[in-house]
Structure formats: structure tokens, C-alpha cells
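For reference, the structure discussed in these notes is given below.
Residue numbers start from 1 in every chain, and the chains themselves are labelled A, B, ... in the order their sequence lines are given, proteins ahead of strands.
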Amino acid sequence: MPPFRYTAALAAGIEQRWQDRWEEEGTFRAPNPTGPLAPAPGTAEAARLDLPKSYVIDMFPYPSGAGLHVGHPLGYIATDVLSRYQRMAGFNVLHAMGFDAFGLPAEQYAVQTGQHPRKTTDENIDRYRGQMRRLGLAYDDRRTFATTDPDFYRWTQWIFLRIRDAWYDAEQRRARPIAELVAQFESGERATPDGRPWAQLSAVERAAVLDGHRLAYRSEAPVNWCPGLGTVLANEEVTPEGRSERGNFPVFRRDLAQWMMRITAYADRLLDDLDTLDWPEPVKMMQRNWIGRSQGARVTFAVAEHAGSVTVFTTRPDTLFGATYMVLAPEHELVNGILPESWPAGVPAAWTGGATDPASAVAAYRKQAAAKSELERQENKEKTGVFTGAYAVNPVNGERIPIFIADYVLAGYGTGAIMAVPAHDHRDFAFARAFELPMRCVVTPDDGRGDDPTTWDDAFVSNDAACCNSTHDGISLDGLAVPAAKQRITEWLAAQGLGEGTTTYKLRDWLFSRQRYWGEPFPIVYDEDGAAHPVPDSMLPVELPEVDDFSPVTFDADDATSSPMPPLAKATDWVHVTLDLGDGPKRYRRETNTMPNWAGSCWYELRYLDPTNADALVDPANEAYWMGPTASATTGGVDLYVGGVEHAVLHLLYARFWHKVLFDLGYLASVEPFHRLVNQGYVQAYAYTDERGFYVPAEQVVEADGGWTYEGKPVRREYGKMGKSLKNVVTPDEMCDAYGADTFRVYEMSMGPLEVSRPWETRAVVGSFRFLQRVWRSLVDEQTGAPRVVDTPVDDDTRRLLHRTIDGVRTEMAGLRFNTAVAKLIELTNRLVQISADGAPREVAEPLTLMVAPFAPHLAEELWALLGHDGSLTYQAFPVAEERWLTADAVVYPVQVNGKVRGRVEVASDADDATVQAAALADEKVAAALAGRTPRKVIVVSGRMVSIVV
RNA sequence: GCCGAGAUGGUGGAAUAGGCAGACACGAAAGCCUCAAAAGCUUUUGUCCGAAAGGGCGUGCGGGUUCGAGUCCCGCUCUCGGCACCA
């Protein structure tokens, strides 16, 4: 083995040396316009402030105990490659990394072992930092933190207080300080809920009124209580089966006083501003679906022989004439009030559920619905329900229609009540068929099915057809297209005082309390009356107390009646405090819930901008510089944010919400946190099970004619995640040991497009290793380690390849197509190898080194030094292609005869079409294919090809 | 069920302003070097017929538009992801 061959050991030496040097020199530090991270005037760093900026980050990781496997760094390497490229291409690049370190695993480990979560967390972070350093990730080392740092969560708490201290002004469509709302109440500009003057309200009453407006508020509301975990959960953390996403415990709806975030106030803006973002369409779609805005109308139906009325929400007010019955959610509050003593005469048996009177029918149905698990409801979509015995009056034609309760109507959406139009709604159709309810066609089918619903297989649903059978005193929709009919009827209802156009959302307010230890404490205390008071900014952060027992009290998983007991409640010395909140020292009780995991990740991208600022979460000048709106990003935000699709809804929606509140309150110039989002794919892996179904170590499985064996016995292959229990984990450290970090980086980038998931294949890594070896061997003498570069000029053909490569690599880099960029570099390298028998021409060696640098930075730095340069190449200009070498003198045209390539002709690149055509027809292979026939048509696509038709 | 994304050699993947399908890499085969092995290097490698020259067929399936379709249109199949009675 030659002593200076590029081996793993040689690579390890180079990598270590350059990582040390980058650290010593602070190579990747990005200057801020102002504050502690602003550069000294006149330095190279200061000059970079005049360049266009680029802010590139990944979704920061939760530092788990298992460390990184080869799947995790895919996005980190991609953003690193891009940011290294951009530094060379003339940008001031901010690239940073932190840790989302509050979370359950550390707490659960603490519960099991008694080891403080902070210790576990810090150890894991150290391990992650070590692994990331070893990969050569070029972060600004001054801009890093964990969400668990008191200096960080101080600001998380500060933001919480600003949100609590704000209300949403629906007219101005923005958040405003609560003091401005108080002023409106005081002046009488805004009436109090019960009309009394503000001054006459007691302190408790005022607090209650304001809580009805605050963007962070406490409410006694139905929440998802999970006794098995001992905590409440956000809607998003509950599976469709009604169980906890984590742990799969049953979840119950219970009324509990909890902190909420009024994210619903921002539903429209969160929806509308998606249009300004450069995000993958599926992610936008998921957010749109989650917000679930739908336009429609509320319509009030009187209850027959009764004083009450029921308001329904419908998106199809145009079908009001087709309403033949009404359905309330079983839990609807009006149900009990409208039940008659006995069934009306002639009620069909199927409607009563076999009960003797409406009250017992409703009670029985409710019981039956409650007994069904969510899963059973999912599986069985057959419509069930029961008649209430009451009738509603259709306001448009006075018709009496029966009122049912059924679980296909959800209490939490719209008004919890619907008008049923079985002819034009699939669900209503199914219900009507099951209960033999009448149907009336009020939208003429345009698919030839006829207008008699009794002959239909399903409802006719269309927004393009025209209305019919919809005329009564003073109102007719007949002949109107659906959209026009909606407008007409909505106006009519409003004029009659029977309804109004309205918008509803699926989005609910965000439950923000967790009964956990390892989270941000709320900066809230309660006085003797139970009133909440903010902890003054000057007393932040409210730090977590030391406790002996980190677990919330958990209960029998099925005990729906249990109540939360957070771990912080046990820290009695901490809970009970004496504070002076401006009216002298008093006793207070601290809030013992903590914030949910998402809190820190709702704003961390802002803290990288000014991580050491002690006076503000970020200096406005720094935020405006890095994230402010630009011509192409009109709502501002991070230039590139890379992370997994699993955060498509929750993290990204919550972070957008907080960002908008902070914008409204004047703290930020940007309206959106993340302008461009890219979802990196997953690196997955094969796992193998033996005949008993146990996993066997994947690395020892061998492939043998169409199957796989482990220790000679056949095993089954499955494809999925990497995990300890699947015995298929491959770590970046192993790859660094075997090949070096540069090889690993190149391999991860050349596996395929960033967005696509792909299987890990360790044995393929060697291809990237050979590539770097060829680069090294071309420029360095393997026997002496001396550079073997010559100054002889290269042939035109090589020079053209060089410039085509430069041009192509720049294009691919900008489009994040790193796999094809690497392929182009390999092609250039393979040419260099061919022409370097007597030494590598500098004309190719230098630009190749610079272009390889984003992918294999350590190797490139080493080669750059060997080429005779001082200092890091980090800020060397990326090569620029010369236009004149991008076009060849001659072009080879493929010639098609009847669609098949039959020959090729070489023609000067500036030849006109006639010349090209003549050359094509003169080619002997083409002539042979023509076999004497006269071309009917000859098509010359300039610079591309010739097509002859005979 | 609804919405979205996708399907290209043995494998990962190239090629979208409709213009030479399979770049680049892995694997495989043969060879060079070596006492030998490893590493490295060279050549071949979509498939079928053929000794070769050459030819036929080929981008999930079936149609269509076009001189020309992986790319556009219509109709399917399958895979993955999201939502799940949202009125």
C-alpha cells in the first residue's frame, strides 16, 4: 500500500486537523449587523455584511440517548453543502444548530433511574455535538443552544406572557396589547358582555372578560385526559382511534382548567399566508385541511310546538328546500329541552330504537354511542340514530321535518346540528335510506340519472348544476346555478333574520398545559382568590425546581374520573412563594403545569439570530437583516428550512402562529418564520427476521440467489425504519471509521434527490470513497504525498467539459440536486484521471478542488493547501463558467427515419437548418434506411436532432 | 371513501420548454497487479435473436395526440403518505 493513498486513516487525520482549525479560526461565524455578534469594522467578516444574506437551518433534533444513525444527518449534510456552496458563491450565510431538549424520554429515564433529566439531556447533547463535529458540519459555533437552557426558556416564558397579554382585534385582523382592549372597555367604546360599565365589574369579572379575549387563556373546557400517562393531550396528540399517540392509552374527554392558545383567531391568516410560502404542495395541503375553512351559512329552524329553535351550519344553503329532516349531535345541549313526553302518533318503529318514549330512546342511544370505542365507530360506518319526537320548521317553506340525534353529526364542528338534505349529501342519503326518510331533488342532476331520488344509488352532489323545486312565497332558486343560489338564499335568510353567511373551521384552540416535569414552567402565579398573575419580566426565567420524583401521578388507564397531578405540585417549597408584584409582598401559588414540547420549537429560529442578546429575544435590526421580507419572500422568513414531513402540521403551524403574534405586537419584521421548506426523505433500512420472527443482525445477513440467509439459515426481509430493536442501525461514526466523513457526506448526497426516501446500503458507500480516492490520487503523489500538479494547458475538449461541469454544478446546487451535481463532478474527475499521467493540469485541478469542497470539505481544504494556497477555501469564489466554452464547434445530430435513429451526422454548431438537413440526407446509413424513398417531410430541430418522414 | 405523491435495468437513481432512455454509482462477469489475499486499476453489463455485423423489443397496464412520448391527454392497476362521517 502506498504511504499516501487516501485511506480512512489518512482521511481521519485530515478531517481532525481541519475541524480543529475551523474551530480555532471561527471560520463559519456569520456577522450580525448589530449587537454582540457584530464584526469589528474593516475585517473580512464585516465585508460580508454587504453580501446578499442566506439563512439556512434544519429542524433541530431532540437529542435521544441512541445518538445519530445514518438517516439523521441527511438533511444536516444537505443544508451544510448548500451553505458551504453559498459562502463560496457570494452570500453571507447563517447556518446554525441547536437542540429541542425538553421531552419525554429524558423524563421517563429519570422516572426509572432517578437520574435528573438535565444530566441525561446534557450527556446526549454532548454526544450529538461530537457526532456532528465529526461530520464537518459548518455551524456558527456561537449560535447554539438547547431549549432547556434557562437563558433560552427565559424568552419562551417571555413570549408566553406577551401572548397572554394580547388579544385579537378581528376588525384590524391583528393582535394588540390587552391594555388597548381594557381602554376600549373603560371608554365604553366596547360594551362589556352583560352591558354594565367596566368600572362596575369586580376584579374577578374583569379577569373573566379579558380571559375571553387573551390569546393565551385559562379555560375550564373539555380536554383530552389520558390517565395512563397522567397528563392531558392536545387534539393532535390523540389518534383517530381515541388513544394517545404515545403509549396508546385510552383518552377521555373531561372538563379541566387548562391553558389554551387562541390559534383559531389566526385561522384565516394562517391559511391565506400559505400562498406566500415556497413549501411543498402536500404540506400546504395538510395545513389547509387541518385549518379546514369552509364557507356556508347558519340557518335557524324553529322547533314546532315549542319556544326554542335550532341553528344549523351548512355549506349548501342552496339546498334548503331539500331538507327533509334535521340531525343534532347526541351531546347537543338543546336535545333534552325539546323532547316531548311521548311519541307522536304514527311514528315508525324504526325511529324509536324500540324505546317507549323519546327521553328513554335518547338516553339509550347516548349510552350506546358512548359505549362504542372510537375504533368501532370507525369500522362501522352504518348510520345509526334515533328520533327525538320533536319537529323543526323549515324556515323557507314552513314544512315540518323530524329531528333526529345521530353520531354522524359531531358536537364540536359547526353548530353541532345539521339540516339533512339526503338527495344531495352522501351521509344524509345513507341515513335517509336506513330510516326510510323522504328525499327531495332540488338540484337537477346533469349525469342522466333523472330527478327521482328513489331510483338513485347515492346522492347527487355538484356545484355546477342548477337548482329546481325551490320556490315558495317570495323566494325562488329555480334555474339558478349552485353558487348563485347560495348567494341568493343567504341574502334572503339574512333579510328575513333567519340566518347569515358564515365561515367555520376545523381548527381548534391549542391545549397548552402538560402535567410533566421536563418542560418550561409557566411564568404564572395565582393569588388567594385563584386569580392568575404574570411573573414580571424581571423575575424571568422561572426555573424548574429540583424534585425527587419526576413522574406525574398516573392512574389506571381506564379510570376516566381521575384528575391530573403534575410532578411540580410536589415541590411545595417552590409552589408557594412570596412575591412583590407591585402591591407589596404577598403569598402566591405557582402554576404547576408545564408547557408542551412544541413551545421551544415555536420560536428557536429567531434565537439563532441573536443568541446572546440579554435584552430582547432578538434585536430588531438583526431579525430584519436575516429574516425580513424581500422581493422574493414577501412575508420574510428563513431562506431554507429542511426537515421531515412529520412536522407538516403541528410544529409548522404552531411556529407560524407564534411568529404572527410577535409580528403583530411589533417585535418582528417578518410575517412568516420559514419561507422555503424542503422535506428531506428518510433513509430507511432492511431488517431481517428468522423463522421464529426474531430480528437478526442485518449486517451479517448475506444475499444468496434471490433470498437472504443468516448463519446459513434463511431469513425474511422487511423494509422500514432503523432501530436498535430491529438490529439494523448503522451509525455515521461507523462510516467515518471505515471511510472518513467526507466519503460519508458524498455518499449521502449522491444516493438520490433530497426529498426522496431510500434504503441504506453500506456496501455502496465504497463508490463515493473511490471517487475521492481518484481526486486525491490525481493531485497527490501516493508515494511521497507531494502535489503532482502541472501548469500545462488542457485540450479544448477537456476545457469544454470543465466549463460545462462548472455551469451544471452551479445549476444543480442552486436547485438542491446534489446527487446530479456529484455525478457531474465524478465525470470531470474521471476525465482528469485520464489526462493526468504526467501530473494533473492546474487548470482543472483547482476548480475541481473548489467544486468538491461543499461535499468533501476536509479533503478539499487539504488539496487546496497542497496546491499552494494559504488559509481556508471557505470563502474562495466558486468557479465561474466561461460562456465561450459552453458551446461546441460542432454538433452531432442524431437522424431519425420514421421515428427511429438510423444515423448521426456531425455539423458545425452554427450551421443553418438547410445545411443540417443536407448533411443528414447525405449520410450513408440514413440513405440506406431511406432505401431510395423520397422523404415526405424533414424536421430539423436546431441543435437537437433531425427527423425524416417517408 | 376523499385528497396528495409516485411506478424507469439485478439495485440506488439520471434524462420534464415533447427531441439519442438508462448519466453517475452499487452489484455482477472477465482481466491486470500480487506468492496469495485485500485494496486499487481496466473492460463488459436493459432485454431478446445473432459468431459478428446488425436487428427486434423496451420507462406499471390499455388507448390517444405527434415526424417524434418516460415526459402531454383519456381510462385503469398497484405502492407510499395524509385525512377520516367536518355538514
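Spacing between atom CG of Leu772(A) and atom P of rG40(B) amounts to 13 Å, rounded to whole angstrom units. Atom C1' of nucleotide rC85(B) and atom CG of Asp458(A) are separated by 13 Å, given to the nearest angstrom. What separates CZ of Arg902(A) from P of rG54(B) is a distance of 13 Å, to the nearest Å. Protein atom OH of Tyr6(A) is 16 Å distant from nucleotide atom C1' of rA39(B), rounded to whole Å. One can place NE2 of His332(A) at 16 Å from P of rA87(B), the figure rounded to the nearest angstrom. Separating the OH atom of Tyr739(A) from the C1' atom of rG40(B) is a distance of 14 Å, rounded to the nearest angstrom. Across the protein-nucleic acid pair, Phe855(A) atom CZ and rC24(B) atom P stand 17 Å apart, rounded to whole Å. Leu754(A) places its CG atom 15 Å from the C1' atom of rG12(B), with the value rounded to the nearest Å.
The side chain of Lys937(A) lies closest to rC67(B) when the candidates are rG13(B), rC67(B), rC20(B). Closest contact between the side chain of Ala764(A) and the listed nucleotides rC26(B), rG56(B), rG19(B) involves rC26(B). You'll find that the side chain of Lys900(A) is closest to rG56(B), out of rC24(B), rG27(B), rG56(B). Relative to the side chain of Gln773(A), the nucleotides rG4(B), rG40(B), rA87(B) differ in distance, and rG40(B) lies closest. In this structure, of rG55(B), rG27(B), rA87(B), it is rA87(B) that holds the atom nearest to the side chain of Val409(A). For Glu761(A), the side-chain atoms get nearest to rU11(B) when compared with the rest of rA23(B), rA14(B), rU11(B). Of the candidates rA87(B), rC41(B), rA14(B), rA87(B) carries the atom nearest the Tyr413(A) side chain, counting heavy atoms from C-beta on. Comparing rG27(B), rC67(B), rA87(B) against the side chain of Ser947(A) picks out rC67(B) as the nearest. Residue Arg904(A) places its side chain closer to rC20(B) than to any other of rC67(B), rC20(B), rA87(B). Taking only side-chain atoms of Val941(A), from C-beta outward, the nucleotide of rG82(B), rG19(B), rA87(B) with the closest atom is rG19(B).
Under the 3.5 Å distance criterion, with hydrogens and angles disregarded, a donor-acceptor pair is assigned to the side chains of Thr503(A) and Gln295(A). Tyr682(A) and Glu646(A) are linked by a side-chain donor-acceptor pair at a separation below 3.5 angstrom, with hydrogens and angles left out of the test. No donor-acceptor contact under 3.5 angstrom links the side chains of Ser768(A) and Tyr739(A), judged on distance only. Side chains of Thr762(A) and Trp760(A): a donor-acceptor N/O pair is present below 3.5 angstrom, by distance only. Thr311(A) and Thr300(A) share a donor-acceptor pair across their side chains, judged by distance under 3.5 Å alone.
When the shell of 6.0 Å around CD of Glu333(A) is examined, it contains 12 or fewer heavy atoms from other residues, nucleotides or ligands. Atom NZ of Lys721(A) is surrounded by 12 or fewer heavy atoms from other residues, nucleotides or ligands within 6.0 Å. Atom CZ of Arg944(A) is surrounded by 12 or fewer heavy atoms from other residues, nucleotides or ligands within 6.0 Å.
Rounding to the nearest 0.5 Å gives a distance of 10.0 Å between CG of Leu507(A) and CD of Gln287(A).
Counting any heavy atom pair closer than 4.0 Å across all strands shown, Thr415(A) reaches no nucleic acid atom. Using a 4.0 Å heavy-atom distance criterion, Arg774(A) is classed as a sugar-phosphate-only contact. Using a 4.0 Å heavy-atom distance criterion, Ser768(A) is classed as making no nucleic acid contact. Glu827(A) comes within 4.0 angstrom of sugar-phosphate atoms only, judged by non-hydrogen atoms across all strands, and of no base. Heavy atoms of Arg293(A) sit nowhere under 4.0 angstrom from any nucleic acid atom. Within 4.0 Å of Val765(A), counting heavy atoms only, lies no atom of the nucleic acid at all. Nucleic acid contact for Pro2(A): none, since no nucleic acid atom lies under 4.0 Å from a heavy atom of the residue.
Using a 4.0 Å cut-off, no side-chain N or O of Arg770(A) falls inside it from OP1 or OP2 of rA39(B). Between Arg5(A) and rA38(B), a side-chain N or O to OP1/OP2 separation shorter than 4.0 Å is absent. Listed pair Ser750(A) / rG12(B) fails the phosphate criterion, with no side-chain N or O lying under 4.0 Å from OP1 or OP2. In this model, the phosphate group of rG81(B) is not approached by any side-chain N or O of Asn679(A) to a distance below 4.0 Å at OP1 or OP2. Taking side-chain N and O atoms only, Asn819(A) has a distance below 4.0 Å to OP1 or OP2 of rA14(B). Neither OP1 nor OP2 of rG6(B) sits under 4.0 Å from any side-chain N or O of Arg758(A).
Each of Met285(A) and Arg944(A) lies near RNA chain B, and the nucleotide nearest Met285(A) is the one positioned closer to the 5' end. Along RNA chain B, the nucleotide closest to Ile826(A) and the one closest to Asp428(A) are compared, and the more 5′ of them pairs with Ile826(A).
Comparing the C1' positions of rU47(B) and rC41(B) gives a spacing of 30 Å, expressed to the nearest Å. Separation of the P atoms belonging to rG54(B) and rC32(B) is 29 Å when rounded to the nearest angstrom. rA52(B) and rU44(B): their P atoms are spaced 15 Å apart (whole Å). Spacing of P atoms, rG1(B) relative to rC26(B), comes out at 44 Å, to the nearest Å. Distance noted for atom P between rU8(B) and rC3(B): 25 Å (whole Å). The P atoms of rG75(B) and rA84(B) are separated by 29 Å, rounded to the nearest whole Å. Here, rC72(B) and rG81(B) have their P atoms 25 Å apart, quoted to the whole Å. Across rU65(B) and rG18(B), the matching C1' atoms stand 11 Å from one another, rounded to whole Å.
The nucleotide rC67(B) finds its pairing partner in rG19(B), both defining distances of the Watson-Crick or G-U wobble pair being shorter than 3.5 Å. With a 3.5 Å ceiling on both atom-pair distances, rA87(B) lacks any Watson-Crick or G-U wobble partner. Nucleotide rA28(B) is matched to rU44(B) when pairs are restricted to Watson-Crick or G-U wobble geometry with both distances under 3.5 angstrom. Remark: rG62(B) base-pairs with rC74(B); criterion is Watson-Crick or G-U wobble with both hydrogen-bond distances under 3.5 Å. Nucleotide rC2(B) is matched to rG82(B) when pairs are restricted to Watson-Crick or G-U wobble geometry with both distances under 3.5 angstrom.
Taking the O4'-C1'-N9-C4 or O4'-C1'-N1-C2 dihedral as appropriate, rG9(B) has a value within 90° of 0 and is therefore syn.
At a cut-off of 3.5 angstrom, the base of rC24(B) holds no donor-acceptor pair with the side chain of Lys824(A).
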For this session: Take Thr504(A) and Tyr413(A) through the test side chain to side chain donor-acceptor pair (under 3.5 Å) and record every step on the way to the result.
Result: CA-CA 8 Å; Thr504(A) 62; Tyr413(A) 181 77; 3.1 Å; yes
